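For reference, the structure discussed in these notes is given below.
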Amino acid sequence: MNGLIDIAELSIEELDSLMAVAEDIIENPEKYQDSCKHKKLATLFFEPSTRTRLSFEAAMHELGGSVIGFSDGDNSSAVKGESVADTARVVGCYADIIAMRHFIEGAPFVADRNCAVPVINAGDGGHNHPTQTLADLLTIKREKGRLNNLTVGFCGDLKYGRTVHSLCTALSRYQGIKFVFIAPKELKIPSYLIYEVIEKNGIEYVECDNLEEAMPELDILYMTRVQGERFEDKAEYERLKDSYILTMDKMAHAKEDMIVLHPLPRVNEISTQVDYDPRACYFKQVLNGKYMRMALILKLLGSATKGISADAVRPTPLTDDANGECKCQNTKCITHTEQELQQAFKLVDKDMNILRCKYCETRAK
C-alpha cells in the first residue's frame, strides 16, 4: 500500500487487518501513543469538513505525531492557480503522509500519482470516501458481529453520496450481502455501480422509493443527507432535500437489532428523537473513524519508502487507454482543470467496450 484513493484497492484481508489493528488500539491505546513520533501528517482540505479533518488530526496526535495543513482551499496557492499535482509535490517535501479532501473528483488520485509520500483520499466530490467506509465497516463489525449475511438499506442521496458508493464497493466482496436502495429517481444509485460492482459480484439488490416498506427486512439502515453542494440546479435540491426523514414512527417498523448509520453531518433526515434509540450508531461511527484512520496511518507509514530524494518529487507519467479526442463529460472531474489529463481513460469491460475516466469513473461517450 502506497496510499488509499479507492476502497477497492484494499483486499478483504487488508480490511480485516486494519480492523484488527483498530480494535487493538481501542483496547491498548498506550501501546500506540508514540508510534508516529517525529512524523507529520498534512491535511489538505479544499472543501469544508468537521469530522473527517478533525478525525485525521486527532488520530495523528494520538499516535504521537504532528499535523500541518489547511482547512480552506482559499488559504492555499490554489487561488493563485497552482495545480493539484504541484501542490502535492510541494507538500510531500514537508510531510510524511497527506490526507486530501477536494471538491473536484479525481484530485486525490492525481495527488497520489505526483507525490513521494502516501496520499489518503478524504473525499473527492461525489465520487469516493474510503476512510468513511473504514469507519462504517468497523462499526458494522462491532455492532453486528459480522460483515456477511446482511441486508443493507441505503436511503436518500445515492447519486452523489460518495460514502454510499465506497461502502457498496467494500461490502460487495462479502458473502450473503443484499442491498436495498431507497431513493427518488433523481437520486438513484449510479448505473456504473450497479453494473460494474453489484451485478458483477452477484449481489442481490432492490431499488425502491418507500422507506417504511423497506424497513422490516433491513439489518442496517444507512441514511444520507441530500447534499445541496452537489446540485447545479438549486431548485431541484429544494424539491428533493426532505425526501426521507427517519422518525421514531418509522423505526417502529424495523427489527429490534437493526442499526442506523449516517456519515454525518445530518440536517433533518434523522429526527433527534432517534438519537436515544439504542439502534442509533452514527456517533459510534465517528469514534470508530478515528481508530480506523489511526490504523491506516500506521499501515501506510510502515509501508512508505524511507526518506525523500530530489528524484522522488518528479511526476509520474500518466498514460491513456483511449486515443483520439475522447474527453470526460463530467464537468466536476479534474480532467477539466488539469489539461494533461484530458484523455485518461480505463477499459473496464472489454466485451462491451466500456471506457471510464480513471479519475471520476464517468463513462466515455
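Quick caveat, the model's predicted, so the values are computed rather than measured.
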- Arg266 with Asp275: basic N within carboxylate O range, under 4.0 Å: yes
- The salt bridge (Lys or Arg N to Asp or Glu O under 4.0 Å) partners of Glu213 (sequence neighbours excluded) come to none
- Task: Please state whether the rings of Phe109 and Tyr359 are parallel, tilted or perpendicular, taking 30° and 60° as the class boundaries.
- Result: perpendicular
- Say whether, by atom type as modelled, one donor and one acceptor occur between the side chain of Gln285 and the main chain of His262 under 3.5 angstrom. yes
- Query: Closest approach of Leu298 and Ser35, non-hydrogen atoms and distance?
  - Reply: CD2-CB, 3.5 Å
- Taken in chain and number order and not counting sequence neighbours, the residues that satisfy side-chain contact (heavy atoms from CB on, under 4.5 Å) with Tyr192 are His127, His165, Pro190, Glu196, Arg356, Glu361
- Hphob cluster co-occupancy, Leu54 + Val67, side-chain heavy atoms under 4.5 angstrom: no
- Task: Not counting sequence neighbours, which residues clear side-chain contact (heavy atoms from CB on, under 4.5 Å) with Asn28? List them please.
- Result: Asp24, Glu30, Lys31
- Task: Determine whether Leu18 and Leu10 make a side-chain contact, defined as any pair of heavy atoms from C-beta on separated by less than 4.5 Å.
- Result: yes
- Those residues at least two apart in sequence (or on a different chain) that pass side-chain contact (heavy atoms from CB on, under 4.5 Å) with Arg146 are Lys144, Asn148, Asn149, Leu150, Asp219
- Item | Cation-pi check, Arg293 onto Phe56 ring (under 6.0 Å, within 45° of axis) | yes
- For the side chain of His336 and the backbone of Cys328, is there at least one donor-acceptor N/O pair under 3.5 Å apart? yes
- Task: Please check if any side-chain donor atom of Thr87 sits under 3.5 Å from a side-chain acceptor atom of Glu82, or the reverse.
- Result: yes
- For Ile177 and Leu147, the nearest pair of non-hydrogen atoms, with its separation, is CD1-O, 3.6 Å
- Just by modelled atom types, is the Lys255 backbone N or O under 3.5 Å from a matching donor or acceptor in the Arg279 side chain? yes
- Is Glu14 reaching over with its side chain to a backbone N or O of Ser11, donor-acceptor style, under 3.5 angstrom? yes
- ring-ring contact (aromatic ring centres under 6.0 Å, His included) partners for Tyr291, two or more places apart: none
- Flag, side chain of Ser166 to backbone of Ile7, donor-acceptor distance under 3.5 Å: no
- Using a 4.5 Å cut-off on heavy atoms from C-beta on, say whether the side chain of Cys36 contacts that of Leu301. yes
- Task: Name all residues meeting the side-chain contact (heavy atoms from CB on, under 4.5 Å) criterion together with Ser83; count only those two or more places apart in sequence or in a different chain, and write none if there are none.
- Result: Ala85, Asp86, Glu338
